[in-house]
Amino acid sequence: MVSLSTWFRYIANKLEYSVSISWKGKLTYLYGNKGDQMAPVMGGLGGTLLVRKLPAADPKRVSVGDVVVMKDPEKSDNYIVRRLAAIQGYEMVSTDEKDEPFVLDKDECWVLADNENMKPKEANDSRTFGPVPMRNIVGRAIYCLRTAVDHGPVQNSNDSMRKGFTSIGGGTGR
């Protein structure tokens with residue numbers, strides 16, 4: 001069995017490698033997120049994410065269930081972290097009977113905050129601002145540093161995890 005200190009050194013080396021690549025090739029970068037919209041994934045006060053930059057956000061590169069960093073649709077200079085809940089072609093049905101169902105158009109997506117204890121207005125997600133263009137997605141969260149002792153991989157969609165899109169080292173995941 002491998003010692004705990006060996007695992008920490010391994011993770012530190014992988015993180016250092018990913019950060020060094022991010023400065024050169026901008027493949028990954030660190031993103032600090034505040035707020036509790038994504039609790040429990042990011043903890044109650046937020047955390048720092050290691051984000052894999054996406055050359056283009058389309059259904060081949062992101063999957064429903066992925067935690068993504070995207071341009072805030074209400075404040076284009078800001079970024080927010082949300083979970084991708086639906087993509088083009090999905091039918092959206094509201095719990096409010098007054099709202100008509102609709103289908104997401106080509107290159108549209110629906111994002112939600114993970115914190116189920118928040119009201120829609122507090123969560124600042126698609127329940128508030130509606131569908132979002134896929135081009136607003138700039139990256140996928142792959143690792144979360146909540147505190148010095150509380151950190152780990154971000155749970156993304158099974159499809160992304162299986163394909164290895166979330167690994168720090170960029171392996172195939174096989």
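Quick caveat: nothing in here was measured; it's all calculated off a predicted structure. Quick note: residue numbers are just sequence positions, from 1.
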Fill in the blank from the handout: Scanning both residues in full, the closest heavy-atom pair of Gln88 with Asp105 reads CB-O, 3.2 Å

Problem - Heavy-atom side-chain proximity of Tyr29 to Val138 below 4.5 angstrom - result: yes

Fill in the blank from the handout: Taken in chain and number order and not counting sequence neighbours, the residues that satisfy side-chain contact (heavy atoms from CB on, under 4.5 Å) with Thr95 are none

Practice task
Establish whether Leu54 and Val69 are linked, either directly or via other cluster members, by ILVMFWY side-chain heavy-atom contacts under 4.5 Å.
Solution key: no

Exercise for the section: Under 4.5 Å between side-chain heavy atoms, chaining through other members, with only Ile, Leu, Val, Met, Phe, Trp and Tyr counted: pull out the rest of the cluster around Met118, sorted by chain and number. Expected result: none

Practice task
Scan for salt bridge (charged side-chain N to carboxylate O under 4.0 Å, His left out) pairs involving residues 110-131, sequence neighbours excluded, and state none if there are none.
Solution key: Arg83-Asp114, Asp125-Arg127

Handout entry: Short side-chain to backbone donor-acceptor contact, Asn156 and Ala141, under 3.5 Å
Key = yes

Fill in the blank from the handout: Between Ala123 and Ala113 the two heavy atoms that sit nearest each other are CB-CB, 3.7 Å

Fill in the blank from the handout: Here the pair of heavy atoms bringing Leu84 nearest to Ser63 is CD2-O, 3.5 Å

Completion exercise
Scanning both residues in full, the closest heavy-atom pair of Asp36 with Asn115 reads O-ND2, 2.8 Å

Handout entry: Summary of ring pair (Phe, Tyr, Trp, His ring centres under 6.0 Å) pairs that have at least one residue in residues 80-120, sequence neighbours excluded
Key = Phe102-Trp110

Problem - side-chain contact (heavy atoms from CB on, under 4.5 Å) partners of Pro55, counting only residues at least two apart - result: Arg61

Exercise for the section: Spell out, yes or no, whether Ile87 and Ile80 are grouped together once hydrophobic residues are joined by side-chain heavy atoms under 4.5 Å, including indirect joins. Expected result: yes

Handout entry: Closest non-hydrogen atom pair between Val81 and Leu49, with its separation
Key = CG2-CD1, 3.7 Å

Exercise for the section: Can you sort out the partners of Tyr79 under ring pair (Phe, Tyr, Trp, His ring centres under 6.0 Å), two or more places apart, ordered by chain and number? Expected result: none

Problem - With sequence neighbours excluded, residues passing salt bridge (charged side-chain N to carboxylate O under 4.0 Å, His left out) with Arg82 - result: none

Exercise for the section: Report the residues that fulfil side chain to side chain donor-acceptor pair (under 3.5 Å) with Ser76, sequence neighbours left out, ordered by chain and then residue number. Expected result: none

Completion exercise
Rounding to 0.5 Å, atoms NZ (Lys71) and CG (Asn78) come to a distance of 12.0 Å

Problem - Cluster overlap Met70 with Tyr31, hydrophobic side-chain contacts below 4.5 Å - result: no

Handout entry: Joint hydrophobic cluster, Leu104 plus Val62, side-chain heavy atoms closer than 4.5 Å
Key = yes

Problem - Side chain to side chain, Asp66 and Ser157, heavy atoms closer than 4.5 Å - result: yes

Handout entry: side-chain contact (heavy atoms from CB on, under 4.5 Å) assessment of Asp99 paired with Met92
Key = CA-CA 10 Å; Asp99 295 334; Met92 306 305 295; over 6 Å; no

Exercise for the section: Just jot down the salt bridge (charged side-chain N to carboxylate O under 4.0 Å, His left out) partners of Asp96, sequence neighbours excluded, or say none. Expected result: none

Completion exercise
Those residues at least two apart in sequence (or on a different chain) that pass side-chain contact (heavy atoms from CB on, under 4.5 Å) with Glu74 are Asp72, Asn124, Thr128, Phe129

Problem - Nearest heavy atoms of Val64 and Ala86, plus distance in Å - result: CG2-CA, 4.0 Å

Exercise for the section: Group every Ile, Leu, Val, Met, Phe, Trp and Tyr by side-chain heavy-atom contacts under 4.5 Å, then state whether Met134 and Val68 land in the same group. Expected result: yes

Show me the side-chain donor-acceptor pairs of residues 148-155 shorter than 3.5 Å, one per line, residues at least two apart or across chains.
{"from": "Asp150", "atom 1": "OD1", "to": "Arg146", "atom 2": "NE", "distance (Å)": "3.2"}
{"from": "Asp150", "atom 1": "OD1", "to": "Arg146", "atom 2": "NH2", "distance (Å)": "3.3"}
{"from": "Asp150", "atom 1": "OD2", "to": "Arg146", "atom 2": "NE", "distance (Å)": "3.2"}
{"from": "His151", "atom 1": "ND1", "to": "Tyr143", "atom 2": "OH", "distance (Å)": "2.8"}

Handout entry: Test item: Arg135 and Asp107 side chains (from C-beta on) under 4.5 Å apart, heavy atoms
Key = no

Handout entry: Heavy-atom side-chain proximity of Val111 to Asn136 below 4.5 angstrom
Key = no

